Amino acid sequence: MNNIRVRFAPSPTGYLHIGSARTAYFNWLFAQKQKGRFILRIEDTDISRHQEEMIDIILDSLKWLSISWDEGPDIGGDFGPYRQSERNEIYQEFAKKLLDNKKAYRCFCTPEELEQRRQDSAKRGEFFSYDRKCLKLDEDQINKKLEEKIPFSIRIVSPENKIISFTDNVYGKIEVISSTIDDFIIIRSNKLPTYNFSAAIDDYLMKITHVIRGEDHLSNTPKQLLVYEALNFMPPSFTHLPMILAKSGEKLSKRHGAISIESYRDEGFLPEAVKNYLALLGWAFDEKTTIFDEKEIIKKFTLGTINKKAAKFDYEKILHINSVYIKNHKISDLAVLIKNRFKKRISEMDVSFLKENGLKAADTENPISREAVFEDIENKMDAIIPLVNKRAKTLNDIEKMIYPFFFDIAYPDDIKNFFKNKNINAAGLIQQAESSLNEIKDNDFNRLIIERGLRNLAEKNNISFAELAEVLRLALWGRTVSLPIFETIEILGRKKSLNRLSDYEELIS
RNA sequence: GGCGCAUUCGUCUAGUGGCCUAGGACAUAGCCCUCUCACGGCUAAAACAGGGGUUCGAGUCCCCUAUGCGCUACCA
């Protein structure tokens with residue numbers, strides 16, 4: 001056990017998105033590698049943008065990814081509370097200290113006033129930075145304003161010409177001259193702290209040794225260093241992670257489709273696959289490997305091998321990685337996953353859902369006989385999974401593929417005349433197929449025997465098996481693309497298979 | 001505008017001065033396998049932003065330019 005401590009500090013203004021998840025994951029990975037502790041802190045100091053319900057959603061997303069925390073708002077810890085909204089006294093205390101030391105000052109300018117001055121500067125083609133108007137106030141003036149109860153914010157005093165420097169684990173040495181930093185506000189007039197103040201204090205108080213966060217904070221680091229210095233804090237080690245951009249190169253946002261971790265879960269991504277993809281954004285396992293498990297990542301992970309270039313998010317690639325994970329997933333485990341999702345889906349589905357998916361209601365009295373379907377699911381899923389695990393990129397893909405095993409199909413209209421102008425006697429072939437299936441003994445009704453009979457049938461009729469298969473596929477699935485037909489017949493069982501064959505025969509004759 | 005950061009196939013990346021005729025993966029195209037669709041296998045096309053240096057030698061080091069991104073909020 002050592003003293004390495006990292007933190008992930010989301011603000012509950014939206015869902016946990018891909019970029020934040022990557023940050024959380026890299027923190028977690030580093031903690032695992034170093035056998036340190038991972039702290040979860042909620043940065044909810046902006047009451048206007050804060051959405052309470054987002055906290056649970058973010059926590060759920062992290063849990064789904066198995067990114068676990070050692071200290072946090074829900075489980076506590078020695079350095080709590082872990083929500084900034086509950087730490088206000090602490091920030092006030094430090095702000096007061098800075099005020100007393102003259103390292104900060106009260107600013108009575110109103111936001112409106114500041115905005116006005118900003119605009120005036122812009123009109124003159126200048127750029128506004130705070131002019132220290134309120135730093136020039138003398139004690140009497142300040143006391144007078146305080147007596148009048150004029151609201152104020154607190155600004156930090158940015159030193160004149162000091163070089164602020166730090167070494168980032170990814171970006172290397174960063175130097176900024178303090179005069180380019182404004183006297184930024186640390187406490188708002190509503191008495192709540194701003195990010196650069198509260199984050200610095202909490203990181204210090206929570207004994208964070210390594211701050212690992214997005215590159216968008218690289219420019220904030222010197223400001224926080226100013227806070228550290230004013231308060232005589234030892235700063236932590238900093239690591240900034242390259243940004244994740246949308247495919248267009250813009251900052252990833254809701255406009256770019258699915259970016260929340262929640263939506264990936266709902267689409268049927270496996271958490272391991274999502275993490276594998278995330279690890280590939282700004283980091284490489286080695287020169288060749290794309291798929292690797294978490295244990296291997298933890299073994300290899302170092303902050304120094306993270307690269308600097310912003311990465312564009314590639315949906316095709318995460319899909320591909322997910323498909324590999326599905327393919328490699330243990331069949332029985334995958335079956336359990338699908339069973340659960342499928343049952344949930346079926347509990348929620350209605351008749352219009354059946355229609356949209358080319359399925360038929362059981363009967364008008366009881367359009368979806370859920371009990372029967374549930375039983376069917378339990379019996380058949382283990383046999384079905386091997387047919388679909390190499391064909392699907394998501395769990396949702398699997399669901400869509402297997403409806404016809406559990407519901408009757410509705411033949412689309414264009415299927416009726418499919419063989420009209422072809423030199424194939426579809427109806428005749430179906431009749432022969434029916435008797436072929438009928439000849440099989442109950443105990444022998446399996447894929448191999450079914451195949452033998454049907455291949456013979458093609459041969460007898462002097463057609464290729466591909467041609468026969470097309471007829472059977474249309475009858476069994478109502479479409480030209482399907483899962484393999486011998487297995488379909490075996491899993492469907494003799495009775496249902498024969499029903500479909502005769503239904504189709506009736507349709508085309 | 002100021003400050004900071006970045007720039008290798010369309011995309012994610014390998015590359016830390018000679019192993020680079022620049023490697024892998026996704027996507028794309030073709031072939032093979034095949035009952036359709038997938039899987040799998042093989043092959044193809046595809047990149048060092050531009051310009052100057054340093055060096056016997058530069059994708060790799062330095063400078064300039066261009067482009068992109070971030071910060072510049074009483075957002076985080």
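Lettering follows sequence order; numbering is per chain, from 1. These figures come from a predicted structure and were not determined experimentally.
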For this session: Scan A/His217 against the nucleic acid and name what it touches under 4.0 Å (heavy atoms): base, sugar-phosphate only, or nothing.
Result: base
Exercise. Is the glycosidic torsion of B/C5 within 90° of 0, making it syn, or is it anti?
Worked result: anti
For this session: Could you work out which one of B/A38, B/A14, B/C39 sits closest to the side chain of A/Lys327?
Result: B/C39
For this session: Describe the nucleic acid contact of A/Phe184 in one word from base, sugar-phosphate, nothing, applying a heavy-atom distance below 4.0 Å.
Result: nothing
For this session: Would you mind classifying the nucleic acid contact of A/Leu192 as base, sugar-phosphate or nothing, using non-hydrogen atoms under 4.0 angstrom?
Result: nothing
Exercise. What's the closest nucleotide to the A/Arg391 side chain, out of B/A38, B/U11, B/A6?
Worked result: B/A38
Exercise. So, are A/Arg117 and A/Asp131 salt-bridged, with charged N and O less than 4.0 Å apart?
Worked result: yes
Problem set entry | Pairing partner (Watson-Crick or G-U wobble, both distances under 3.5 angstrom) of B/U54 | none
Exercise. Heavy atoms, side chains only, cut-off 4.5 Å: are A/Leu437 and A/Leu501 in contact?
Worked result: yes
Seminar exercise, completed: Out of B/A27, B/A76, B/A25, minimum distance to the side chain of A/Glu316 belongs to B/A27
Problem set entry | Who pairs with B/A6 - Watson-Crick or G-U, where each distance is under 3.5 Å | B/U67
Exercise. At under 4.0 Å between heavy atoms, what does A/Ile485 touch on the DNA or RNA strands: base, sugar-phosphate, or nothing?
Worked result: base
For this session: Would you mind classifying the nucleic acid contact of A/Arg118 as base, sugar-phosphate or nothing, using non-hydrogen atoms under 4.0 angstrom?
Result: sugar-phosphate
Exercise. So, A/Tyr105 versus A/Asp183: side-chain donor-acceptor pair below 3.5 Å or not?
Worked result: yes
Problem set entry | Nearest-Å distance for atom pair CG/C1', residues A/Asp216 and B/C69 | 10 Å
Exercise. Between B/C69, B/U36, B/A25, which nucleotide has the shortest distance from any of its atoms to the side chain of A/Ser482?
Worked result: B/U36
For this session: Report yes if a donor N or O on one partner sits less than 3.5 Å from an acceptor N or O on the other, where the partners are the side chain of A/Lys317 and the base of B/A25; otherwise report no.
Result: yes
For this session: Could you tell me which nucleotide pairs with B/A25 by Watson-Crick or G-U wobble geometry, both distances under 3.5 Å, or answer none if nothing does?
Result: B/U11
For this session: Give one of base, sugar-phosphate or nothing for A/Ile185, where a contact means two heavy atoms less than 4.0 Å apart.
Result: base
Exercise. What does B/U36 pair with, Watson-Crick or G-U, if both distances are under 3.5 Å?
Worked result: none
Exercise. Would the A/Phe8 and A/Tyr25 ring centres measure less than 6.0 Å apart?
Worked result: no
Exercise. Counting side-chain heavy atoms from C-beta on, which of B/A76, B/C69, B/U72 comes nearest to A/Met243?
Worked result: B/C69
Exercise. Can A/His240 and A/Thr221 be counted as having a side-chain donor-acceptor contact under 3.5 angstrom?
Worked result: yes
For this session: Please tell me which of the listed nucleotides, B/A73, B/C74, B/A76, lies nearest to the side chain of A/Asp182?
Result: B/A73
Seminar exercise, completed: The complete set of salt bridge (charged side-chain N to carboxylate O under 4.0 Å, His left out) pairs with one or both residues in residues 457-485 of chain A, sequence neighbours excluded, reads none
Exercise. So, A/Phe127 and B/G1: ring centres less than 5.5 Å apart, planes less than 30° off, yes or no?
Worked result: yes
Exercise. Quick one: the side chain of A/Thr180 and the base of B/G2, do they pair up donor-acceptor inside 3.5 Å?
Worked result: no
